[in-house]
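The next block holds one structure in the form of structure tokens; read it before the comments.
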Amino acid sequence: MYTSSRISSFNRHMKIHTAEKPHMCHLCLKAFRTVTLLRNHVNTHTGTRPYKCGDCDMAFVTSGELVRHRRYKHTHEKPFKCSMCKYASVEASKLKRHIRSHTGERPFQCLLCSYASKDTYKLKRHMRTHSGEKPYECHVCHARFTQSGTMKIHILQKHSENVPKYQCPHCDTIIARKSDLRVHLSNLHTYKAMEMKCHYCSSVFHERYALIQHQKTHKNEKRFKCEHCSYACKQERHMTVHIRTHTGEKPFTCLSCNKCFRQKQLLNVHFKKYHDTNFIPTVYECPKCGKGFSRWAPY
DNA sequence: GCGCACACCGCCCTCTGCTGGTTCAAT
DNA sequence: AATTGAACCAGCAGAGGGCGGTGTGCGC
């Protein structure tokens, strides 16, 4: 309900409830309620911006726009202060919007899902997830995106030189995105209460990166050492075979001639060579004299 | 009644950061 | 060959900056 102490203000207000628009633009025939609105409109045709900023090249149609611009860009005066945090804004509407981040109020409800936003723009942006609209197109590869920021990152990462990289402060890893570095730090360099055991020894770690680095030290380690000689190897199955050279054990017997072998592979080679009638031995020919050999032993 | 100053609404933009699917190299 | 896990990548939402436009209070 509008009330006013002045009849002139009341009459002006009442005009907004009528379709009466007596002031017409002579350039586009659009009509306006007041002379001021018409003048501002005509200025958009003529490019007239009477209110010029003294500190930059910007100019505005109304004085209010100039004042606000100067606050944003030059004086940084922010009269609207949040009572719950340090936030302050140039405009009251911005403070109102900010307050919603404290209260959690979400007045703008999506009609197609449960999402609700704190301002109209976010709801409008959200609606693209339902419509499938992708208004932003990469000028290089023509890929399309729902948000301009996503496209900007795409162009930067895919089509630009001198792409910014993020160096992990704890290791040599360089990562393309700041948010991915955060994931890297969380996964590899964050203390975990649960103990992580080394696959090869009894060591335990609380940080995944330390565990991985430690396990690399085992990589070329010959962990299996012979009790009877200096032989050492990486795999247990190799040691099992080696031990037979000390015990004399030869568990693989040829069924055709009863000859015994320490390794199954040696038995297989023996059988093919001496008992398999279809066996055709590979002959390696010398490229210089043409002489044939049964094994390849380059020069 | 006019015009200035200010309040207010709305629109669009950027920056930021999280998330989950994909890719690819190491095991 | 299958599995694993770290980096890559696009999608999406939160927060805030900046400006266009309109309505209102009030001095002249």
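Below, chains carry the letters A, B, ... as their sequence lines are ordered, and counting in each starts from 1.
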Quick one: which of dC12(C), dC9(C), dC19(C) gets closest to the side chain of Phe60(A)? dC19(C)
Counting only side-chain nitrogens and oxygens, does Lys152(A) get under 4.0 Å of the OP1 or OP2 atom of dT14(B)? no
A quick test of your reading: do over 12 heavy atoms of other residues, nucleotides or ligands sit less than 6.0 Å from CG of Leu112(A)? yes
Whole Å only: how far is the CZ atom of Arg106(A) from the C1' atom of dA13(C)? 9 Å
Output, in order, the C-alpha distance, side-chain angles, deciding distance and verdict of side chain to side chain contact (heavy atoms under 4.5 Å, CB included) for His74(A) and Cys53(A). CA-CA 10 Å; His74(A) 305 300; Cys53(A) 177; 3.4 Å; yes
Without decimals, in angstroms, what is the distance between Leu66(A) CG and dG3(B) P? 19 Å
Side-chain ion pair, Arg68(A) and Glu65(A), N-O less than 4.0 Å: no
Does a nitrogen or oxygen in the side chain of Ser93(A) sit under 4.0 Å from OP1 or OP2 of dC9(B)? no
Go through the steps to decide whether Arg106(A) and Tyr115(A) satisfy the test side chain to side chain contact (heavy atoms under 4.5 Å, CB included), and finish with yes or no. CA-CA 9 Å; Arg106(A) 291 169 181 269; Tyr115(A) 175 75; 4.2 Å; yes
For a quick test of reading the model: is some side-chain N or O of Arg177(A) closer than 4.0 Å to OP1 or OP2 of dA10(C)? yes
Remember a base hit wins even if backbone is also touched, and classify Ser89(A) as base, sugar-phosphate or nothing at under 4.0 Å, heavy atoms. nothing
Check the pair Cys138(A) / Arg144(A) against side chain to side chain contact (heavy atoms under 4.5 Å, CB included), numbers first and verdict last. CA-CA 6 Å; Cys138(A) 170; Arg144(A) 301 196 75 94; over 6 Å; no
Taking atom types as they are modelled, would you say the side chain of Lys78(A) forms a donor-acceptor pair with the base of dG16(C) within the 3.5 Å cutoff? no
Base, sugar-phosphate, or nothing: which does Leu188(A) touch, judged by heavy atoms less than 4.0 Å apart? sugar-phosphate
With the side chain defined as heavy atoms from C-beta on, Asn187(A) is closest, among dA6(C), dC19(C), dG16(C), to dA6(C)
Picking from dT14(B), dA7(C), dG18(C), which would you name as closest to the side chain of Ser148(A)? dT14(B)
For a quick test of reading the model: is some side-chain N or O of Thr62(A) closer than 4.0 Å to OP1 or OP2 of dA5(B)? no
Evaluate the ring planes of Phe145(A) and His154(A), with Trp represented by its six-membered ring, and classify them as parallel (under 30°), tilted (30 to 60°) or perpendicular (over 60°). tilted
Below 3.5 Å, does any donor atom in the side chain of Arg125(A) face an acceptor in the base of dG11(C), or the other way round? no
Note: contacts of residues 133-147 of chain A with DNA chain C (heavy atom, under 4.0 Å) are Lys134(A), Phe145(A), Thr146(A), Gln147(A)
Hey, does Arg208(A) reach any base, or is it just sugar-phosphate, or nothing, if we go heavy atoms under 4.0 Å? sugar-phosphate
Choosing from dC12(C), dA10(C), dA7(C), which nucleotide comes nearest the side chain of His154(A)? dA10(C)
On a plain distance test, is the side chain of Arg68(A) in donor-acceptor contact with the base of dG20(C) below 3.5 Å? yes
Does a nitrogen or oxygen in the side chain of His69(A) sit under 4.0 Å from OP1 or OP2 of dC19(C)? yes
Ignoring hydrogens and angles, answer whether the base of dA15(C) and the side-chain atoms of Lys122(A) contain a donor-acceptor pair closer than 3.5 Å. yes
Closest nucleotide among dC9(B), dA13(C), dA10(C) to the Glu91(A) side chain: dC9(B)
Is the closest basic N to carboxylate O distance between Lys118(A) and Glu105(A) below 4.0 Å? no
Under 4.0 Å from OP1 or OP2 of dC11(B): is there any side-chain N or O of Lys124(A) that close? no
Counting the atoms with a prime plus P, OP1 and OP2 as sugar-phosphate, which does Ser179(A) contact under 4.0 Å by heavy atoms, base, sugar-phosphate, or nothing? base
Report yes if a side-chain nitrogen or oxygen of Lys94(A) is closer than 4.0 Å to either non-bridging phosphate oxygen (OP1 or OP2) of dC9(B); otherwise report no. no
Can we say Lys73(A) and Asp55(A) salt-bridge, meaning some charged N sits less than 4.0 Å from an Asp/Glu carboxylate O? no
Between the side-chain atoms of Arg97(A) and the base atoms of dG10(B), is any donor-acceptor pair under 3.5 Å? no
Reckon Met127(A) touches a base, only the sugar-phosphate, or nothing at all at heavy-atom distances under 4.0 Å? nothing
